[in-house]
Asker: 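Quick one: the structure is below, and I'll ask about it shortly.
In this chain, residues are counted from 1 in sequence order.
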Amino acid sequence: MNSTGVGGDVFFVLVGAILVFAMHGGFAFLEVGTVRHKNQVNALVKILVDFALSTVTYFFVGYAFAYGTTFLVDAATLSGGGGGFELQGLTLVKFFFLTTFAAAIPAIISGGIAERMKFWPQCIATVALVGIVYPLYEGIVWNGNFGFQAWLEATFGAQFHDFAGSVVVHGVGGWIALGAVLLLGARMGRYDSKGRPIGIPPSSLPWLAMGSWMLCVGWFGFNVMTAGSLGAASGLVAINSLMAMVGGILAALVVGKNDPGFVHNGALAGLVAVCAGSDIMHPIGSLIVGAGAGAIFVVGFEMCQNKLKVDDVLGVWPLHGICGAWGGIAAGIFGLESLGGLGGVSLMSQIIGTVVGATYALAAGFVVYGILKSTMGLRLSQEEEHLGADLAIHKISANPEHDLGR
């Protein structure tokens, strides 16, 4: 390929990386709008610090763990002189792109553990998750490590297909979050003495909505630019992402009885679910998958909060964990040629890959956060939680002038 063609690929992947990086602002503002006012600053700081820690950790450890490529070489090699690096630094922008995926793991978890998690233990968890836990499964699925994909193909006729990470990214993040939330426990005042839920309304629906919009826009970079080059880019991925998103919105609107929180998260549920099969499903199949995810999120969130008494603040387990699992399995259904898809998938491989990913992530969540709980503790004290994470951790509120009466 000539330098112009490579340069086009570099720019294509770079734009994708920038779009997914912008999604982290969406994670931040979705959490800002959902948590109480006294925890808004903490939400913003967590997401930004988690991204910085994720980048450094993935650069030195995680990327090499997943793909066997290290950056500890000279600049000439980095620019394409050999050692596994492509011309004009294409591998470098691919690293940037994949880093934004890796950093989504702690960003997803952040919403579940909001309002009562200590700051530094979460920073340590981010390093462990992005350095080892996430890249282990990422490498297994996307780099063929340990022969798992080869075994699935030999046994069931196709590898586990997860084009843009319904399970690899969202499912793993959501199931890790479940382990963390269970170990952390519910927020003070979330349930009464008889276990009945006490509603805690969002602090700002406009901020919540803006977070959802930012995520939706960035998601088209998340899915489309996963192709990795201009030549491999597919309009099918874009239209499937669009149809799944609107399917999630409409299903959440109906099942959630016009609740604005459900509507805005319904869009995200649809997008989570379509990631796996966005390159092989028919748009009508994607609409159905997205609608299913929107309904799953509403039912799952209410069951999680009210029946199971799991205080997952933003509903990241039903949104990313359960809808991610649905997306992984759905790719094996709606990706079939008999249902208008492009084929090349096996339902059994999709089920096995999804179950393995969810089980592994849940176990990892219990291990990482369990160790931190036994050594450092996970929760703020009752006084700190009552005061709010903003003042307890960062010593400033979202509106300091207002607090001073100015």
Side-chain angles (χ1 to χ4, degrees), residues 27 30-40 42-43 46 108-118 122 173-209 211-212 248 251-269 272 293-326 362 365-366 369 373 378-390 392:
F27 282 120
L30 190 72
E31 185 172 335
V32 165
T34 305
V35 300
R36 287 168 287 189
H37 191 272
K38 62 183 179 179
N39 296 299
Q40 289 181 327
N42 181 244
K46 275 193 304 179
I108 289 167
I109 296 167
S110 176
I113 61 177
E115 299 203 304
R116 76 275 203 204
M117 178 77 185
K118 288 182 177 180
Q122 175 55 21
W175 287 91
I176 290 173
L178 175 61
V181 169
L182 290 174
L183 287 170
L184 193 58
R187 289 168 290 175
M188 291 169 50
R190 182 65 181 89
Y191 302 99
D192 65 18
S193 58
K194 295 183 179 180
R196 293 173 297 195
I198 299 172
I200 300 177
S203 61
S204 174
L205 284 170
W207 283 128
L208 184 157
S212 175
L253 174 70
V254 175
V255 180
K257 301 176 181 178
N258 305 328
D259 182 282
F262 284 145
V263 170
H264 286 93
N265 277 286
L268 308 182
V272 164
I296 288 169
F297 172 70
V298 174
V299 174
F301 182 86
E302 292 182 333
M303 181 175 294
C304 176
Q305 299 286 338
N306 301 330
K307 300 294 184 182
L308 301 178
K309 305 295 189 299
V310 176
D311 188 18
D312 178 351
V313 180
L314 268 67
V316 298
W317 175 50
L319 178 61
H320 297 274
I322 299 177
C323 289
W326 158 240
L362 179 61
F366 276 114
Y369 285 91
K373 183 175 182 178
L378 296 178
R379 288 193 67 131
L380 297 171
S381 68
Q382 289 188 357
E383 293 77 13
E384 290 171 329
E385 188 176 339
H386 178 74
L387 181 64
D390 292 358

Asker: Do any pairs count as a side chain to side chain donor-acceptor pair (under 3.5 Å) and have a residue in residues 253-269, sequence neighbours left out, and if so which ones?
Answerer: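 Counting only pairs at least two positions apart or across chains, no side chain to side chain donor-acceptor pair (under 3.5 Å) contact touches residues 253-269.
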
Asker: What heavy-atom pair brings P201 and G199 nearest, and what distance separates the two atoms?
Answerer: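 Reported closest heavy-atom pair: CD-O, 3.8 Å.
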
Asker: Please name the pair of heavy atoms, one in I296 and one in C323, separated by the smallest distance, quoted to 0.1 Å.
Answerer: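 For I296 and C323, the tightest heavy-atom pair comes out as CG2-SG, 4.0 Å.
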
Asker: Would you please test I322 and F301 for side-chain contact (heavy atoms from CB on, under 4.5 Å) and show each step?
Answerer: CA-CA 10 Å; I322 299 177; F301 182 86; over 6 Å; no

Asker: Listed by chain and number, what are the side chain to side chain donor-acceptor pair (under 3.5 Å) partners of E384, not counting sequence neighbours?
Answerer: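 Result, side chain to side chain donor-acceptor pair (under 3.5 Å) vs E384: S381.
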
Asker: Mark yes when over 12 heavy atoms from residues, nucleotides or ligands other than M188 sit less than 6.0 Å from its CE; otherwise mark no.
Answerer: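 Atom CE in M188 is packed in, count exceeds 12.
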
Asker: Decide yes or no on side-chain contact (heavy atoms from CB on, under 4.5 Å) for H320 and F297, but give the supporting numbers first.
Answerer: CA-CA 9 Å; H320 297 274; F297 172 70; over 6 Å; no

Asker: Quick one: list whatever passes side-chain contact (heavy atoms from CB on, under 4.5 Å) with L362, sequence neighbours left out.
Answerer: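 Residues passing side-chain contact (heavy atoms from CB on, under 4.5 Å) with L362: W175, L178, F366.
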
Asker: May I ask you to decide if Q382's main-chain N or O and R116's side chain share a donor-acceptor pair within less than 3.5 Å?
Answerer: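 Answer holds: no.
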
Asker: With sequence neighbours left out, write down each residue that passes side-chain contact (heavy atoms from CB on, under 4.5 Å) with K118, or none if nothing qualifies.
Answerer: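 Per chain and number, K118 pairs via side-chain contact (heavy atoms from CB on, under 4.5 Å) with P121, L380.
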
Asker: With sequence neighbours left out, what residues match Q40 under side chain to side chain donor-acceptor pair (under 3.5 Å)?
Answerer: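 S203.
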
Asker: Would you compute the distance between atom CG of N42 and atom CZ of R36 and round it to the nearest 0.5 angstrom?
Answerer: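 Output value for this atom pair is 12.5 Å.
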
Asker: Mind checking side chain to side chain donor-acceptor pair (under 3.5 Å) for D390 and listing every partner two or more places apart, or none if nothing turns up?
Answerer: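 Here no residue qualifies.
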
Asker: Is any side-chain heavy atom of Q305 less than 4.5 Å from a side-chain heavy atom of P197?
Answerer: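 No. Closest side-chain heavy atoms not under 4.5 Å.
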
Asker: Would you check if the side chain of N39 reaches a backbone N or O of G388 as a donor-acceptor pair within less than 3.5 Å?
Answerer: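 No; zero donor-acceptor contacts below 3.5 Å.
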
Asker: I'd like to check E302 versus F262 (side-chain heavy atoms, cut-off strictly below 4.5 Å). Are they in contact?
Answerer: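 E302 reaches F262 side chain to side chain.
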
Asker: Give me the atom names and distance for the closest heavy-atom approach of G256 to V298.
Answerer: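 Nearest heavy atoms, G256 then V298: CA-CG1, 3.8 Å.
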
Asker: Listed by chain and number, what are the ring-ring contact (aromatic ring centres under 6.0 Å, His included) partners of F27, not counting sequence neighbours?
Answerer: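 If we apply the ring-ring contact (aromatic ring centres under 6.0 Å, His included) test to F27, skipping adjacent residues, the hits are H24.
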
Asker: Please list, one pair per line, the donor and acceptor atoms closer than 3.5 Å that link side chains of residues 308-319 to other protein atoms, with sequence neighbours excluded.
Answerer:
| residue | atom | partner | partner atom | Å |
| --- | --- | --- | --- | --- |
| K309 | NZ | N306 | O | 2.8 |
| D311 | OD1 | R187 | NE | 3.4 |
| D311 | OD1 | R187 | NH2 | 2.9 |
| D311 | OD2 | R187 | N | 2.8 |
| D311 | OD2 | R187 | NE | 2.8 |
| D312 | OD1 | G315 | N | 3.2 |
| D312 | OD1 | V316 | N | 3.0 |
| D312 | OD2 | V316 | N | 3.0 |
| D312 | OD2 | W317 | N | 2.7 |

Asker: Could you tell me the separation between the CG atom of L184 and the CE atom of M117, rounded to the nearest 0.5 Å?
Answerer: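 Spacing of CG (L184) from CE (M117) equals 6.5 Å.
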
Asker: Minimum heavy-atom separation for E31 and G111, please, with both atom names.
Answerer: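 Scanning both residues completely, I find the closest heavy atoms to be OE1-N, 3.6 Å.
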
Asker: Please test E115 against K38 for salt bridge (charged side-chain N to carboxylate O under 4.0 Å, His left out), starting from the C-alpha separation and ending with a verdict.
Answerer: CA-CA 9 Å; E115 299 203 304; K38 62 183 179 179; over 6 Å; no

Asker: Could you go through L30 and L268, starting from their C-alpha distance and side-chain angles, then the distance that decides it, and tell me whether this counts as side-chain contact (heavy atoms from CB on, under 4.5 Å)?
Answerer: CA-CA 11 Å; L30 190 72; L268 308 182; 3.8 Å; yes

Asker: Mind checking side chain to side chain donor-acceptor pair (under 3.5 Å) for R379 and listing every partner two or more places apart, or none if nothing turns up?
Answerer: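 So R379 forms a side chain to side chain donor-acceptor pair (under 3.5 Å) with E385.
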
Asker: What is the minimum heavy-atom distance between R190 and A186, and which atoms define it?
Answerer: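 Reported closest heavy-atom pair: CB-CB, 4.4 Å.
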
Asker: Do you know the tightest heavy-atom contact between A269 and A293?
Answerer: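 Heavy-atom minimum between the residues: O-CB, 3.3 Å.
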
